[in-house]
Asker: 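Quick one: the structure is below, and I'll ask about it shortly.
Owing to the predicted nature of the structure, the values given are computational and were not obtained by experimental measurement. Below, chains carry the letters A, B, ... as their sequence lines are ordered, and counting in each starts from 1.
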Amino acid sequence: MSVVQNFKSHLSELFAQALRAVAPEAGDTSITIERPKQAAHGDYACNLAMQLAKPMRKPPREIANALIAALPKTDFIEKVEIAGAGFINVFIAPAAKQRVVQGVLQAGAGYGRGHAGRGEKVQVEFVSANPTGPLHIGHGRGAAVGDCLCRLLDASGWHVTREFYYNDAGQQIDNLTRSVQLRCKGLTPESPEWPEDGYRGDYIIDVANAFMAKETVEADDQRYTGNGDANDAEAIRHFAVAYLRREQDLDLRAFGVGFDVFSLESALYTDGKVEETVKKLIASGHTYEQDDALWLRTTDFGDDKDRVMRKREGGYTYFVPDVAYHWDKWKRGFTRVINEQGADHHSTITRVRAGLQALDVGIPQGWPDYVLHQMVTVLKNGEEVKISKRAGSYVTLRDLIDEVGCDATRYFLAARHPDSQLVFDIDLAKAQSNDNPVYYIQYAHARIHAVLGQWGGDRQHLLLADLSPLESDYEKVLLQKMIDFPQVIETAAGDLAPHQIAVYLKDLAGDFHSYYNASRFLVEDERVKLSRLAMIAAVAQVIKNGLALLGVNAPEKM
RNA sequence: GCGCUCGUAGCUCAGCUGGAUAGAGUAUCGGUUUCCGAAGCCGAGGGUCGUGGGUUCGACUCCCGCCGAGCGCACCA
């Protein structure tokens, strides 16, 4: 029996050969191999005959017969059938499917990994919250989706750099500084002197107290000591930024999320990158002066109106450092960049891309990629919790992790298509009931380890198990499900859609639970016993690998 | 008004990039344990895939119109 791990791509190749033999003139027809929904339709299906019916002006079933006759012989195919309007249904030989068990057990944590990325660099920028307050549930979705994307891309053979960008110098930081300073002087938001756009959350008091106590704060990317001088706005600004960055780092760490690089907006100015960008844009001829302001003709690149670069009063608009930042990413050698951000920022996409095109430095159109997640609605006690950052009334990521747990929070936030709005029902998620799909998956994993523990044998023996007894319908389903896993990773990474992993895991866990209830494992017949134990050990491994892609634990007991 | 995203079972959501009879969970109802973990399993009911056209062998999927929801439309970030 030949060793074929990827039936889908292998079949695609075989049908391509058949196509060249039957219809050489249609050699460029794309070949799609799909998994039929019904078992009666085989393990894989090909619709090539129907695609060729029109150009060849022949009935699809006739073409299908010719294709099958021309299909190279191979021992992993058990039989091939024509069905329906002209589908070619392929049935894989049981022995070929059974091999996946050994494949999984041998590869272990590496099972499912692919090489689509060919080791190339990709940068994923996500969260990128400004240090003006704790992370809220919206950032949490960004963190979960972004982190899972990184794990998926890594599993697909990309060399991933995780980056966090923040603004440490703009208007919002000025507001923050003023708010902390007023708190240092003992004023409260109730006082008439409190600015309209000041920050009112209680955490501002903590920052002020720490500053007055001359504490030293250490974030992942910086460290600063307060000097206790309530009149030193510059010191307060540095301290507040470092303090809130540290708080965010603690939350992110509790969420299992880390970064390789932190980038500051202020550095783009001090390094001269903003100036360089402006000069380049002027030199490329896409700017003009009007009403004492400098404009970029973004309408040349698909924007619906031109954008101001330098304001009448002198400063640059925010999108200039944005362009400078992304140009810098390009210069750092990231031919692929993915920005994960909230959909409320979608209007910046056109502008940033237009600015990059206007630079005229060879950046391709449509660079960089974006993954936008829609808003999260929070439900508590059956009512929607309104988010108001300045008033300080909102659900923090820390609250969620404490109440719901890291695993369930990650799963809930990553298990939905990013394009869909997400309703996060806190009472439901923290109920720890069977409503919670993450427990359903983890339970399958724990159950398997309970059985393996009772067996108590050496797991290495399972590698050598004779797998031929695995031919029940339950077992066929599980074998095929595990065979699908590498393909699921590749598709999810290609679509930048981590939720596909969550969906797959739920299905896999369900298939296992059905199998478990219909079967016994610790049976008398040694050959049958070892084959079944090898099978479920492999299932446990795939569940573990899949959960790892979501950053969720796979406990052996719960 | 313009742009982006969404609309699938009572509720929360999938739907493999155009395939065969649209699927899970939950909720409701009915079964299931002297036996490896019942946080489980088996079954039933529940649908005009928002709506009207179009494209073709074939549409939840692609195109156009309309209805509805969210988010954006600054010389704010």
Asker: Between B:rC66 and B:rU56, how many Å separate the two P atoms, rounded to a whole number?
Answerer: 24 Å

Asker: Taking atom P in both B:rC63 and B:rC16, compute the distance separating them and give it to the nearest angstrom.
Answerer: 15 Å

Asker: Nearest whole Å is fine: how far is B:rG37 P from A:Y515 OH?
Answerer: 16 Å

Asker: Give the nucleotide from the list B:rG37, B:rG70, B:rC41 with an atom nearest to the side chain of A:Y516.
Answerer: B:rG37

Asker: Using 4.0 Å as the upper bound for N to carboxylate O, is an ion pair formed by A:D484 and A:R35?
Answerer: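 A salt bridge links A:R35 with A:D484.
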
Asker: Assign each of A:V523 and A:I33 to its nearest nucleotide of RNA chain B by heavy atoms, then name whichever residue's nucleotide is nearer the 5' end.
Answerer: A:I33

Asker: Touch check for A:R520, heavy atoms < 4.0 angstrom, all strands: base, sugar-phosphate only, or nothing?
Answerer: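 Base contact.
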
Asker: For the pair A:K79 and A:E81, find out whether any cationic side-chain nitrogen is under 4.0 Å from an anionic carboxylate oxygen.
Answerer: yes

Asker: Considering Watson-Crick and G-U wobble pairs with both distances under 3.5 Å, what does B:rG23 pair with?
Answerer: B:rC13

Asker: Once you apply a heavy-atom cut-off of 4.0 Å, does A:A415 come out as touching a base, just sugar-phosphate, or nothing?
Answerer: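 A:A415: no heavy atom of the nucleic acid under 4.0 Å.
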
Asker: Can we call the ring centroids of A:Y440 and A:H513 under 6.0 Å apart?
Answerer: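 Ring-ring flag for A:Y440/A:H513: true, centres closer than 6.0 Å.
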
Asker: In whole Å, measure the gap between the P atoms of B:rG43 and B:rG7 for me.
Answerer: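 Approximately 29 Å lies between the P atom of B:rG43 and that of B:rG7.
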
Asker: Tell me: CG of A:D511 to P of B:rG40, nearest whole Å?
Answerer: 15 Å

Asker: P atom, B:rU51 versus B:rG45: distance in rounded Å?
Answerer: 23 Å

Asker: How far, in whole Å, is B:rA77 from B:rG72 if one measures between their C1' atoms?
Answerer: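 14 Å, rounded to whole Å.
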
Asker: Under 4.0 Å between a side-chain N/O of A:Y443 and OP1 or OP2 of B:rA39, yes or no?
Answerer: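 Yes, within the criterion.
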
Asker: Can you tell me which nucleotide in B:rC41, B:rA39, B:rG19 comes closest to the side chain of A:N47?
Answerer: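 Looking only at heavy atoms from C-beta outward on A:N47, the closest nucleotide is B:rG19.
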
Asker: Please compare A:K506 and A:Q500 by the position of their nearest nucleotide in RNA chain B and report the one closer to 5'.
Answerer: A:Q500

Asker: In whole angstroms, how far is the C1' atom of B:rG25 from the CG atom of A:D507?
Answerer: 11 Å

Asker: B:rG23 C1' sits how many Å from A:L508 CG, rounded?
Answerer: 17 Å

Asker: Ignoring backbone atoms, test whether A:K37 places a side-chain nitrogen or oxygen under 4.0 Å from the OP1 or OP2 oxygen of B:rG15.
Answerer: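 No, no such contact exists.
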
Asker: What interatomic distance, in whole Å, is found between C1' of B:rU28 and the corresponding atom of B:rG46?
Answerer: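 Rounded to whole Å, the distance is 10 Å.
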
Asker: Of all the nucleotides listed (B:rA20, B:rA14, B:rU56), which has the minimum atom distance to the side chain of A:A83?
Answerer: B:rA20

Asker: So with a 6.0 Å cut-off around CD of A:Q365, is the heavy-atom count from everything else above 12?
Answerer: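 Result for CD/A:Q365: open.
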
Asker: Is the shortest distance from a Lys or Arg side-chain nitrogen in A:K529 or A:E524 to a carboxylate oxygen in the other one below 4.0 Å?
Answerer: no

Asker: Whole angstrom is fine here: how far is it from CG in A:D495 over to P in B:rC16?
Answerer: 9 Å

Asker: Establish, yes or no, whether the cationic atom of A:R447 lies under 6.0 Å from the six-membered ring centre of A:F512 and within 45° of the ring axis.
Answerer: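 The answer is no; the distance or angle limit is not met.
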
Asker: Could you go over nucleotides 74-77 of chain B and give all protein N or O partners under 3.5 Å, atom names and distances?
Answerer:
| residue | atom | partner | partner atom | Å |
| --- | --- | --- | --- | --- |
| B:rC75 | O2 | A:R312 | N | 2.7 |
| B:rC75 | N4 | A:R312 | NH2 | 3.2 |
| B:rC76 | OP2 | A:K311 | NZ | 2.9 |
| B:rA77 | OP2 | A:Y318 | N | 3.1 |
| B:rA77 | O3' | A:N167 | ND2 | 2.4 |
| B:rA77 | N6 | A:Y318 | OH | 2.9 |

Asker: Has A:R447 got a side-chain N or O lying under 4.0 Å from the OP1 or OP2 atom of B:rA38?
Answerer: yes

Asker: Contact class for A:A45 vs. all strands (heavy atom < 4.0 Å): base, sugar-phosphate, or nothing?
Answerer: base

Asker: Less than 5.5 Å between centroids and less than 30° between ring planes, does A:H41 satisfy that with B:rA20?
Answerer: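 Yes, aromatic ring over the base.
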
Asker: Going by the glycosidic torsion and a 90 degree boundary from 0, is the base of B:rU21 oriented syn or anti?
Answerer: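 The base of B:rU21 is oriented anti (glycosidic angle more than 90° from 0).
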
Asker: At under 4.0 Å, does any side-chain N or O of A:S420 touch on OP1 or OP2 of B:rC13?
Answerer: no

Asker: Now, which nucleotide makes the Watson-Crick or G-U wobble pair with B:rU51, with each of the two distances under 3.5 Å?
Answerer: B:rG65

Asker: Just how far, in rounded Å, is P of B:rA14 from OH of A:Y411?
Answerer: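 Distance, rounded to whole Å: 11 Å.
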
Asker: Checking side-chain polar atoms at under 3.5 Å, does A:D304 have a donor or acceptor matched by the opposite partner on A:T299?
Answerer: no

Asker: Measure from the side-chain heavy atoms of A:A450 and tell me the nearest of B:rC36, B:rG70, B:rG37.
Answerer: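 Of B:rC36, B:rG70, B:rG37, B:rG37 is nearest to the side chain of A:A450.
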
Asker: Any strand is fair game: report the nucleotide pairing with B:rU32 by Watson-Crick or G-U wobble, both distances under 3.5 Å, or none.
Answerer: B:rG40

Asker: May I ask you to say what A:K54 touches in the nucleic acid, namely base, sugar-phosphate or nothing, with a heavy-atom cut-off under 4.0 Å?
Answerer: sugar-phosphate

Asker: Which value, in whole Å, describes the distance between the P atoms of nucleotides B:rG40 and B:rG25?
Answerer: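 About 10 Å, rounded to a whole number of Å.
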
Asker: Under 4.0 Å between any heavy atoms, over every strand shown, what does A:M558 touch: base, sugar-phosphate, or nothing? Just pick one.
Answerer: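 Base, at least one base heavy atom under 4.0 Å.
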
Asker: Is it true that A:Y504 and A:F485 have ring centroids separated by less than 6.0 Å?
Answerer: yes

Asker: When you get a sec, tell me which of B:rG15, B:rC13, B:rG40 is the closest nucleotide to the side chain of A:H513?
Answerer: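 Looking only at side-chain atoms, A:H513 lies closest to B:rG40.
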
Asker: Find the partner of B:rG18: check Watson-Crick (N1-N3 plus N6-O4 or O6-N4) and G-U wobble (N1-O2, O6-N3) distances, both under 3.5 Å, and reply none if neither fits.
Answerer: none

Asker: Testing A:E265, A:K273, A:E163 for side chain to side chain donor-acceptor pair (under 3.5 Å) with A:Y325, which one passes?
Answerer: A:E163

Asker: Between B:rC11 and B:rG47, how far apart are the two C1' atoms, rounded to whole Å?
Answerer: 15 Å

Asker: According to the Watson-Crick and G-U wobble definitions, with both distances under 3.5 Å, which nucleotide is paired to B:rC73?
Answerer: B:rG1

Asker: Between B:rU5, B:rA39, B:rC36, spot the one nearest the side chain of A:Q374, thanks.
Answerer: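 When the side chain of A:Q374 is considered, B:rU5 is the closest of B:rU5, B:rA39, B:rC36.
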
Asker: State whether a side-chain donor-acceptor pair under 3.5 Å links A:E475 with A:Y515.
Answerer: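 Looking only at side-chain atoms, A:Y515 and A:E475 do form a donor-acceptor pair, the distance falling under 3.5 Å.
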
Asker: Does this structure show an ion pair linking A:E34 with A:K8, if we count only N-O contacts that are shorter than 4.0 Å?
Answerer: no

Asker: Give the rounded distance in Å between these two atoms: CD of A:Q38 and C1' of B:rC16.
Answerer: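 Rounding to the nearest Å, CD of A:Q38 and C1' of B:rC16 are 16 Å apart.
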
Asker: With a cut-off of less than 4.0 Å, is there a side-chain N or O of A:H417 near OP1 or OP2 of B:rU12?
Answerer: no

Asker: Expressed in angstrom and rounded to an integer, what is the separation of A:R35 atom CZ from B:rA20 atom C1'?
Answerer: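 These atoms are roughly 15 Å apart.
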
Asker: What nucleic acid atoms does A:N89 come within less than 4.0 Å of, heavy atoms only: base, sugar-phosphate, or nothing?
Answerer: base

